[in-house]
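What follows is a set of notes on a single structure, which appears directly below.
When a ligand or atom number is given, it counts from 1 through the structure's own listing order. Computed from a prediction, not measured in an experiment: that's the story for all the values here. The residues of the chain are indexed from 1 along the displayed sequence.
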Amino acid sequence: MFHTKLDDFPKDFLWGAASAAYQIEGGFDADGKGPTIWDDFAMTAGNTFENTDGKVAIDHYHRYKEDVQWMKKMGLKAYRFSVSWGRILPDGNGKVNEAGLAFYENLIDELLANGIEPLLTLYHWDLPLALQEKYQGWEGRETVAAFKKYCEVLYRRFSGKVRYWITMNEQNVFIPLGYRWGAHPPKVTDLKRMYQANHHVNLANAEAITSFRQLVPEGKIGPSFGYGPTYPLSCNPNDVLAAENGEDFNNRFWLDVYCKGKYPKFMLKQLTNLGLAPTITPEDEALLASVRPDFLGVNYYHGGTVKQNEYEAGSQMATEKDFSKVDPYQMAAKEGEKAPEKAMFQTVENPYLEKTDWGWEIDPVGFRVALRKLASAYDLPIMVTENGLGAYDELQEGLIHDDYRIDYLQNHLLELQKALTDGVEILGYCAWSFTDLLSWLNGYKKRYGFVYVDRDNQSEKALTRLPKDSFYWYQEVIATNGQNLTKGEK
Ligand code: BG6
């Protein structure tokens, strides 16, 4: 779609940046905080990159005032952060820890006093360890009730101060990584258990929204989903069908539940055939159907490309065996319960896209595709809650010249502006991330921030904050309400 002129960004567009508690706060046992599954997971050697952990992280817990001053200097309109559940309810569902609440209240007040809109994420992966031990974490329905209780504590305290609330961060990431691939806590590798845990997170999301309607009637709430479109490798109808399957498997399986209140039929049928479908009661169905978010949070990094599944496509593997007599559902199940998607599609490289230092595809146009697809499928305003480039940053005479990050963000924001011009309603954009922070599995080497933090995997050093070139670039983007993005373009 070609436009001769792009629409201006709305006057109240929320130019923001994001973070998550475990990745920045440190103070892992400060002021009564209870341990979380990430505190525990990082203690075992080999679980994280060079055994990095969030004990100190970038010490935002003690330096939040300085960090907010950097935000103010930048002109940030919104700041997305998450609350660590274990600071509020140290054992997950028992006594409230006033010191934990006070920390977030001070942060919120500091943001508001500096003209920055707080965007509060309720769950960014750091489940209280006690809930893991008592109820097997998200595998236990009791954790749903605990989440509801935790949310209600926050709603009661911050209603009136916080307008935008995010329920779950990337359920489609933390569930597979934690329960299928064993790369995140609780290190489970069992698909059946994964789908049940996932269902409970859906219930928790719905319970959180239900309580929200009563306790924060004037606020807005929605989940943050890690979305990327699924492309077909070619226009061969079999590849197009594979991409359709991929969208259901990777995206609609979560998004339909959030936005339409029910699981997509295709996925539920495949999971039932494989014996992997979760137990869903009529009460669960009614709960899921009774809520709809106010907006959809979108974390965009990249999508994926697929072709027809190997069983039907006559691939190398298929020619080795006689697949003609095989039921692909049973085949997928037999092959180690490892890949129900194998019968649906096969993931391939996209020959058109370059990659980051960490092998993530760079696809700004895919961002526009994503925004368009989501807007037309779900008809909700969109809040971009994450987008950014993870890279090695090198200090050169006390400066970081991250022109690669500026290019990345500039290209993505231009595509966002095109999507706005196409007609997508977008409330704001939070770059990932404001400061450098701990990457869950990549330590402090993979950096995303506008503000450099002087520390590495081995040492906390002085934790000095230092604005990168991208800091000043984004400052200008905000000051001109995005007008400088199209310099030379219009
Ligand atoms: C998102 C998460 O998945 O991606 C963030 O919400 C995370 O918490 C970000 O840090 C980047 O991922 P990574 O693995 O590069 O740190």
Side-chain angles (χ1 to χ4, degrees), residues 16-26 36-39 41-42 47-50 52-54 57-58 60 79-85 119-127 166-185 201 205 222-228 250-251 254 296-304 355-363 366-367 370 383-393 402 404-405 408-409 412 429-451 453 455-457:
S19 70
Y22 181 73
Q23 297 179 274
I24 60 167
E25 285 178 1
T36 72
I37 53 172
W38 269 93
D39 293 323
F41 180 73
N47 275 350
T48 61
F49 183 65
E50 295 183 355
T52 41
D53 62 39
I58 63 153
H60 173 77
Y79 174 58
R80 175 184 176 225
F81 63 94
S82 77
V83 171
S84 181
W85 185 343
L119 271 55
L120 188 157
T121 306
L122 291 157
Y123 187 74
H124 203 127
W125 307 355
D126 46 355
L127 187 81
I166 290 133
T167 52
M168 299 292 167
N169 180 72
E170 292 189 355
Q171 184 180 340
N172 59 319
V173 173
F174 80 79
I175 284 289
L177 286 178
Y179 292 87
R180 176 179 187 180
W181 303 113
H184 280 196
V201 178
N205 178 71
S224 271
F225 187 74
Y227 183 76
N250 292 319
N251 297 318
W254 286 276
L296 183 59
V298 177
N299 294 356
Y300 176 78
Y301 291 93
H302 58 81
K355 291 183 177 161
T356 70
D357 293 341
W358 269 265
W360 291 18
E361 287 169 348
I362 301 175
D363 183 12
F367 192 22
M383 179 80 80
V384 178
T385 39
E386 284 183 35
N387 170 239
L389 174 71
Y392 298 102
D393 287 333
D402 56 343
Y404 38 88
R405 182 167 292 109
Y408 180 101
L409 295 172
H412 282 76
Y429 170 89
C430 291
W432 185 263
S433 49
F434 182 67
T435 54
D436 286 340
L437 40 70
L438 171 67
S439 169
W440 304 91
L441 298 179
N442 305 286
Y444 298 93
K445 264 216 162 87
K446 189 180 189 185
R447 291 172 182 265
Y448 282 89
F450 291 119
V451 177
V453 179
R455 71 152 296 161
D456 58 25
N457 291 343

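- Residue contacts with ligand 1 for Trp358 are absent, since no atom lies close enough (heavy atoms, distance under 4.0 Å).
- Between Asp393 and Arg405, at least one side-chain N (NZ, or NE/NH1/NH2) sits under 4.0 Å from a carboxylate O, which counts as a salt bridge.
- If you number the atoms of ligand 1 from 1 as listed, the ones under 4.0 Å from a heavy atom of His124 come out as 2 (C), 5 (C), 6 (O), 8 (O).
- Residue contacts with ligand 1 include Tyr448, since one of its heavy atoms falls under 4.0 Å from the ligand.
- Nearest protein neighbour of atom 10 (O) of ligand 1, counting heavy atoms only, is Gln23 NE2, 2.9 Å.
- Applying the ring-ring contact (aromatic ring centres under 6.0 Å, His included) test between Phe174 and each of Tyr22, Phe225, Trp38, Tyr123 identifies Tyr123 as the sole match.
- When each atom of ligand 1 is checked for a heavy atom of Lys446 under 4.0 Å away, the hits are 13 (P), 15 (O).
- Residue Trp360 holds the heavy atom nearest to atom 12 (O) of ligand 1 of all those in Phe174, Trp360, Trp440.
- The proximity of Phe49 to ligand 1, defined as any non-hydrogen pair under 4.0 Å, does not occur for either the backbone or the side chain.
- For Asn442, the heavy-atom gap to ligand 1 drops under 4.0 angstrom.
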Next item on the list: Test Thr356 against His302 for side-chain contact (heavy atoms from CB on, under 4.5 Å), laying out the working first.
Entry: CA-CA 11 Å; Thr356 70; His302 58 81; over 6 Å; no

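- Using the six-membered ring where Trp is involved, Trp125 and Trp440 have ring planes that are tilted, between 30° and 60° apart.
- Between the side chains of Tyr444 and Asp436, no donor-acceptor pair is found at a separation under 3.5 Å.
- Those atoms of ligand 1 that come under 4.0 Å of a heavy atom in Glu170, given as number and element, are 1 (C), 2 (C), 3 (O), 6 (O).
- Between the CD1 atom in Ile166 and the CG atom in Asn205 there is a gap of 12.0 Å [rounded to 0.5 Å].
- Note that the OG atom of Ser433 and the CD atom of Gln23 stand 8.0 Å from one another [nearest 0.5 Å].
- Ring pair Tyr301/Tyr448 is perpendicular by interplanar angle, where above 60° counts as perpendicular and below 30° as parallel.
- Within the model, atoms OG1 of Thr435 and CD1 of Ile58 stand 3.0 Å from one another, a figure rounded to the nearest 0.5 Å.
- The protein heavy-atom contact nearest to atom 1 (C) of ligand 1 is Glu386 OE1, 3.1 Å.
- In this structure, Leu441 falls outside the shell of residues with a heavy atom less than 4.0 angstrom from ligand 1.
- Of all protein heavy atoms, the one closest to atom 16 (O) of ligand 1 is Ser439 OG, 2.6 Å.
- For atom 9 (C) of ligand 1, the closest non-hydrogen atom on the protein side is Tyr301 OH, 3.5 Å.
- Of the heavy atoms in Val173, none comes closer than 4.0 Å to ligand 1.
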